[in-house]
Amino acid sequence: MKEIVATSLELKQKLVDFVYDAEGDLALALESYAAEKGKKNSYGIKQQNLTIDLFLTEGRVKEQNPVEIFLASAIDLSPKNRAIIEKFKHNFIGLFEIKAKADNHYILMNWLTAKTYQVYAHSQISAKERTRLQPGEIIVTILAPVTSTEWCFFSDRIIKGKLSQPKLAVAIGEFRDNYPNFLYADAPELLNQAWDSVAVYHQEFVNYLGSDRLTLAGYKLNQKISELQQRISQKKLAEAGIDTDQSLAEMLSASGTNEADFSETAADLGVDSKAIDQIIVNRDKLSMVTPKVELPPEIRQAEKVTVFSHSQWGQVFLPDFTQFSDLLESENLSETDSAALVKYLRKYLEQPEANYYVWQQLKQKYPLKLEIILQEYLNQTDFELERDLDQLLLKYSKSAIPELPAIANVPIHLNNLFEAAVAQVQKSKSKSTKRSKKKGFLSK
């Protein structure tokens, strides 16, 4: 195994050198990819190396990735080495916890999917880093397959430390933002379920609220969303054959308890045997849950909030959409109105909430007005909405390809972590408030 890992690393270095030495389309693709990743990540040397290693398999040049381009050009590769490089196509980046450490390998768990991996160490890991890599440490790294069941480190390891539940939840959120394409990279079945749940949520939204777009007072919208989520949860349990005890179903799905032990424990708690059988039969339907949507204060307190719902883009909440659209509809704008219109235009370009889908709605309803004000704002008289808008939106990180929305179902272990993290933060705030009050009282 040591020799195979060493060979993999040698071949990886050849691949990296090939990319660095490349000119033309491959060089431009690398430059563009690195610039895009640089917008989201702090650019230390390890992060730079990680970006390059990701590009090897995620980068694209005319529908090919760099691995495929390299294989096509390296005609002198032996079949054995070619097979090793082919395996690089199955690399993935993850947020891992070190579960165990042996002399020559680690057991890592991907926090996004709860899948575990036997990962072999190699000579490029320094003695100092080996000392740091202990059970409980959270790391971001890329894994490459060596065999069907064994893996090796394909990149540097960014060590996050031994994190509390709130900090781990934050780290998972950061990973989601920085690497959306790798959210469930090693569990395509979870990814499919998550995307399916977005479509289901959208349909439930339309069924319950009567439209895929509406404007309500913030507090009223928050109330409606809470009611909708309760409705979805109850419907999901009913479809799984479970009428009342959601936590019991989650217990079987989330834990490693075997069905016999679960049945015995549940029966001791007085649960009906038919309900137990239904939970066991339908455990796969409960492997993921709908996360609770918490509207931020600025949305809950807004006088008017427009919400867009879509089967892929999810829900978008905009507290100033009516003001922006009213200005776009106005024929004669005062100087104050014109300044306000420019302010909203800039905001909708810069804020991530106004995503590609929202801009398509604006484009469809206000094509002439939008084109004119964008020409003025960009100082480009030749700007054409139909031709140039998508490229402009890309400059503001608004891709035409939707990323998995926050309303998508998540694995139960992640949902449990997020709920525990929120509870810890709230408990900590409560204690802090009590201490502050006590200190104020004693100081009088």
Side-chain angles (χ1 to χ4, degrees), residues 23-41 43 51 54-55 58-65 177-181 198 212-213 215 306-405:
E23 298 177 351
D25 290 341
L26 184 55
L28 290 173
L30 173 59
E31 182 180 351
S32 175
Y33 185 87
E36 181 60 31
K37 293 298 180 185
K39 294 177 184 177
K40 294 185 176 182
N41 295 301
Y43 239 54
T51 296
L54 271 178
F55 176 77
E58 197 187 21
R60 286 292 180 273
V61 178
K62 297 179 180 177
E63 304 305 315
Q64 282 189 307
N65 64 36
D177 292 340
N178 293 334
Y179 308 105
N181 295 340
V198 177
D212 61 358
R213 184 198 305 184
T215 300
T306 301
V307 54
F308 294 82
S309 183
H310 188 270
S311 58
Q312 289 185 301
W313 292 97
Q315 277 73 52
V316 181
F317 302 91
L318 298 170
D320 47 20
F321 185 81
T322 53
Q323 295 94 313
F324 188 25
S325 57
D326 286 347
L327 289 170
L328 286 170
E329 288 176 356
S330 298
E331 292 297 330
N332 299 310
L333 296 176
S334 66
E335 187 174 332
T336 301
D337 288 339
S338 296
L341 183 57
V342 171
K343 181 191 75 172
Y344 285 126
L345 181 69
R346 181 186 300 111
K347 183 177 181 181
Y348 272 55
L349 282 171
E350 294 177 352
Q351 69 172 2
E353 289 79 12
N355 59 22
Y356 180 89
Y357 176 69
V358 170
W359 272 92
Q360 296 312 299
Q361 308 313 299
L362 291 168
K363 172 185 171 182
Q364 183 178 352
K365 192 167 183 180
Y366 312 108
L368 296 177
K369 190 66 169 290
L370 203 57
E371 183 170 89
I372 291 170
I373 64 169
L374 279 170
Q375 287 174 349
E376 294 174 355
Y377 179 77
L378 299 169
N379 195 24
Q380 294 179 14
T381 56
D382 61 343
F383 181 90
E384 293 183 15
L385 197 67
E386 193 64 41
R387 181 192 66 195
D388 302 324
L389 181 61
D390 281 15
Q391 194 61 38
L392 173 65
L393 294 178
L394 269 180
K395 291 181 180 178
Y396 289 90
S397 301
K398 299 181 190 293
S399 171
I401 302 172
E403 295 178 356
L404 193 63

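Quick note: numbers below take in every heavy atom, side chains included, and nothing from hydrogens, waters or symmetry partners. Predicted model, so just to flag it, every value in this text is computed and none were measured.
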Task: Residue list, salt bridge (Lys or Arg N to Asp or Glu O under 4.0 Å) with Lys395, at least two apart or on another chain - done: none

Open item on the list: Can you tell me how far apart CG (Leu370) and CG (Leu341) are? Round to the nearest 0.5 Å.
Closed with: 9.0 Å

Open item on the list: How long is the straight-line distance from OH of Tyr348 back to NZ of Lys343, given to the nearest 0.5 Å?
Closed with: 10.5 Å

- [ ] For Thr336, check side chain to side chain donor-acceptor pair (under 3.5 Å) against everything at least two apart and list the hits.
- [x] none

Open item on the list: If the condition is side chain to side chain donor-acceptor pair (under 3.5 Å), which residues does Asp212 pass it with, not counting sequence neighbours?
Closed with: none

Can you name the closest pair of heavy atoms from [X] and [Y] and give their distance?
X: Thr51; Y: Ala34; result: CG2-CA, 4.0 Å
X: Gln360; Y: Leu393; result: NE2-CD1, 4.1 Å
X: Asp25; Y: Val61; result: CB-CG1, 3.6 Å
X: Lys398; Y: Ala354; result: NZ-O, 2.7 Å
X: Arg60; Y: Glu58; result: NH1-O, 3.5 Å
X: Leu327; Y: Lys369; result: O-NZ, 3.4 Å

TODO: Verify, without hydrogens or angle tests, whether Trp359 (side chain) and Asp390 (backbone) share a donor-acceptor contact under 3.5 angstrom.
DONE: no

TODO: List the steps and the verdict of side-chain contact (heavy atoms from CB on, under 4.5 Å) for Val307 and Phe321.
DONE: CA-CA 9 Å; Val307 54; Phe321 185 81; over 6 Å; no

Task: Residues forming a side-chain contact (heavy atoms from CB on, under 4.5 Å) with Lys347, sequence neighbours excluded - done: Asp320, Gln351

TODO: Could you tell me which residues satisfy side-chain contact (heavy atoms from CB on, under 4.5 Å) with Glu329, sequence neighbours excluded, listed by chain and number?
DONE: Asp326, Lys365, Tyr366

Would you give me the side-chain donor-acceptor pairs under 3.5 Å for residues 371-384, sequence neighbours excluded?
from	atom 1	to	atom 2	distance (Å)
Glu371	OE2	Leu385	N	2.8
Gln375	NE2	Thr381	O	3.4
Gln375	NE2	Phe383	O	2.8

- [ ] Would you please say whether a donor-acceptor pair under 3.5 Å links the side chains of Tyr357 and Gln312?
- [x] no

TODO: Step by step, work out the side-chain contact (heavy atoms from CB on, under 4.5 Å) result for Phe55 and Leu26.
DONE: CA-CA 10 Å; Phe55 176 77; Leu26 184 55; 3.9 Å; yes

TODO: Give the C-alpha distance, both sets of side-chain angles, the deciding distance and a yes or no for side-chain contact (heavy atoms from CB on, under 4.5 Å) between Leu349 and Arg346.
DONE: CA-CA 5 Å; Leu349 282 171; Arg346 181 186 300 111; 5.8 Å; no

Task: Non-hydrogen side-chain atoms of Phe308 and Leu318 separated by less than 4.5 Å - done: yes

Task: Contact check, side chains of Thr306 and Phe317, non-hydrogen atoms, under 4.5 Å - done: no

